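Have a look at the structure below, then the notes.
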Amino acid sequence: MSRIPEAFADGPAFVPYLAAGDPDFESSLEYVESLARGGADLIELGLPFSEPIAEGPTIQGAVVRALEGGMTPERFFEFVEALDVDVPLVCMTYYNLIYQYGRRASRGDAERAGGGAASGAVGEPGPEPFVRRAAEVGVDGFVVPDLPAEEADPLREACDEYDRDLVFVVAPTTRGERLERIMERVSGYVYVQARLGVTGARADVSDQTAASLDRLSAWDVPKAVGFGISSGENAREVVTAGADGVIVGSALVDIVAEGVETGAPVEETAARLEAKARELKEGALAGEDVTGSERT
Amino acid sequence: MSSGTFGRYGGQYVPEALMPALEELEDAYERYVLDNEDGFVDEFRERLRDFGGRPTPLQPAEQLSARYDAEVYLKREDLLHGGAHKLNNALGQVLLAKYMGKERIVAETGAGQHGTATAMAAAHLGMPCEVYMGRRDTNRQRPNVFRMRLNGATVTPVDTGRGTLKEAISETMRDWATTVETTHYVIGSVVGPHPFPAMVRDFQSVISEEARGQVRERAGRLPSSVVACAGGGSNTMGAFSAFVPDEGVSLFAVEAGGASLRVDEERGVAPNSASLSTGSEGVLHGARTKLLQDADGQIVESHSVSSGLDYAGVGPELAHLVDEGRVAPVTVDDDAAVEGFHRLSQEEGIIPALETAHAIAWLEDATPEQLGDCVVVCVSGRGDKDLESVVEETAKRDVPNAPDMDVFRGDTR
């Protein structure tokens, strides 16, 4: 069973993102665990893809470092197994890696069955092998930024088979029938994109956020807002606007990047991440206090 | 549910923020391009004629005909305004953006021909234009960078990755995701999410529509084969499209074999750009297609002496036609392409783009059975942009048919 509902059970959730393996396997384990200590309710772990078209420069940088550090889909699963955290985990990656994992598994099966990959007779395994392996190591759900609802049925079916969640992004431009298509397929939570563009920390919180949350008010799934949230104050604002959770990536990746650039010891960077996580979690809780008092 | 597929390829694999823009574009494509609403197609054809210089000639190539003992015809897209077939698509898309009420154009470019064509079309139609180009390509293709700027476009170098077309496409998608409400992204080839592959093919199919009529008029028959170079595949689909139903016509897509057809998994590099010949199925830049990738699905760096072919993917329709056996993919390596460049320059008085030089070079490898007795070769563009690269690349290797390259170093003897 997916543990994602637990993350949203007790007030607003703080959902941090880091690229797994940035800048290397061991330090990255420390960094992710420090987020849990700082109050993460759920962690989005990036499985790096070479062409991250939805990401801004900060996360692109993390992806490059992680790939150079040797991160692969198989290492990612080992990473999840090695992690010592007690919160739900969501794998954020691009569709080609999920799809190729299945093709590779099917080639392996064909070879074991005596078929051989050279015959070119690779079947259409779809995303099932990736989801199966992810479920084995304890991944609770997936966010795939380049997989819109129209193309997502094979992955949705695999997630259903293993009781995993499939999170979709709702953008400021998403309207009408597209919202319905997403609503039919989403589970776990919906990732509300706070503004147009790509990921990246910014100083303010867009008023597009409130409009997006309004459009989703009838949805029976938690709404977590991401893109551009960088401070406790931002986190407070989006929760006040009605979000059930705040997703923060670039502001945390920036701390990892600074650690790499300055050659800071891993413990120092981990401590900074923990402090930032605490600030963001407290911001989210402060937002709830406001909405709570308004409701009463 | 998936729309815009060619067999198992195609589709729409893009961030959610772009999906409404693709729906809007699909609607505009159907109304204006397919149904000629508001006379879009009439205006497009008129501008292609008056601004672009269409139709381009189908030239009988006398020396090549003698060399290969067949009637060889050259479809002269190098004579189109701007010097390459790219204007057909750029003009079509910029005009469509105008019909859609968009205010700004973004584009990516590899060799710079698509960027140049887009900058020209945007200036012609009065639209602001920004072109993303890999840093490495801006260095390889300085004349085109200058031409784009002369036409009023902003050229933005992209420093990520290896600084070639793949990175420029990713960067343009990021721009588009930020500005999608007012901006149209003029994709430069038959790649990307639906409806781009079909729409770009439709804009480029004027090449084969003309060629088919011209060869029938000249030779009184259909050709036995059509040969076109293939990077992303826009001139390939343009040159093939009208001939696809003619099953007696063989279609050869000539890919960049680069330095080797093997992928170096260790370094994550394919020393070629031959995704139809050596790639495997995957999802990149909005579509399911044939890609150069490692076993994990990470996209590997491609290579070609020609920056216009230097891309790890290819159009989904072309991938489908290859699977169906309708199009035969073949390869030509860097050395042969440089030879092909010099051969066409010397034998026919046409200095071709390095992309085109691949198609010319393959004529040397093809068997008489493959070519048949009547061949149409698409000259996708002219070579002015490549002169610096050719001087450099010729000096690096033993090219038997090259002129004395010392001349270019200032030693005029």
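Here the structure is a predicted model, which means the values were calculated and not measured. Proteins get letters first, then strands, A, B, ... in listed order; numbering begins at 1 in each. Values below: every heavy atom of this structure, side chains too, minus hydrogens, waters and symmetry copies.
Phe49(A) has its side chain within reach of Ile299(B): a pair of non-hydrogen atoms, C-beta onward, lies under 4.5 Å apart. No side-chain heavy atom of Gln298(B) sits under 4.5 Å from any side-chain heavy atom of Glu51(A). The side-chain heavy atoms of Pro20(B) and Arg178(A), taken from C-beta on, include a pair separated by under 4.5 Å. The shortest side-chain heavy-atom distance between Ser50(A) and Gln293(B) does not fall under the 4.5 Å cut-off. Contact annotation: the side chain of Pro15(B) never approaches that of Val169(A) to less than 4.5 Å [non-hydrogen atoms, C-beta and beyond].
For the atom pair OG1 of Thr173(A) and CE of Met19(B), the computed distance is 10.5 Å after rounding to the nearest 0.5 Å. Phe168(A) CZ to Glu16(B) CD: the interatomic distance, rounded to the nearest 0.5 Å, is 9.0 Å.
Using a 4.5 Å heavy-atom cut-off against chain B, the contacting residues of residues 62-69 of chain A are Leu67(A). Listed in order of number, the residues of residues 164-184 of chain B that approach chain A to under 4.5 Å between heavy atoms are Lys166(B), Ser170(B), Glu171(B), Met173(B), Arg174(B), Ala177(B), Thr178(B), Val180(B), Glu181(B).
Contact detail for Gln100(A) and Asp296(B): the closest heavy-atom pair is CB-O, 3.7 Å. Heavy atoms only, all atoms of each residue included: Pro148(A) and Tyr13(B) are closest at CD-CA, 4.0 Å. For Asn96(A) against Val283(B), the heavy-atom pair with the smallest separation is OD1-N, 2.8 Å.
Proximity to chain B is absent for every atom of Glu74(A), based on heavy atoms less than 4.5 angstrom apart. Contact of Pro52(A) with chain B is made through backbone and side chain together, with heavy-atom distances under 4.5 Å.
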Would you sort out whether Glu177(A) and Glu23(B) count as a side-chain contact (heavy atoms from CB on, under 4.5 Å), showing the intermediate values?
CA-CA 11 Å; Glu177(A) 283 178 23; Glu23(B) 284 183 342; 5.9 Å; no

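Between chain B and the residues Gly61(A), Pro57(A), Pro73(A), the largest count of heavy-atom pairs under 4.5 Å involves Pro73(A).
In this structure, Glu151(A) contributes its side chain and Gln12(B) its backbone to a donor-acceptor pair below 3.5 Å.
Arg288(B) forms no cation-pi arrangement with Tyr95(A), by the criterion of a distance under 6.0 Å to the ring centre and an angle within 45° of the ring axis.
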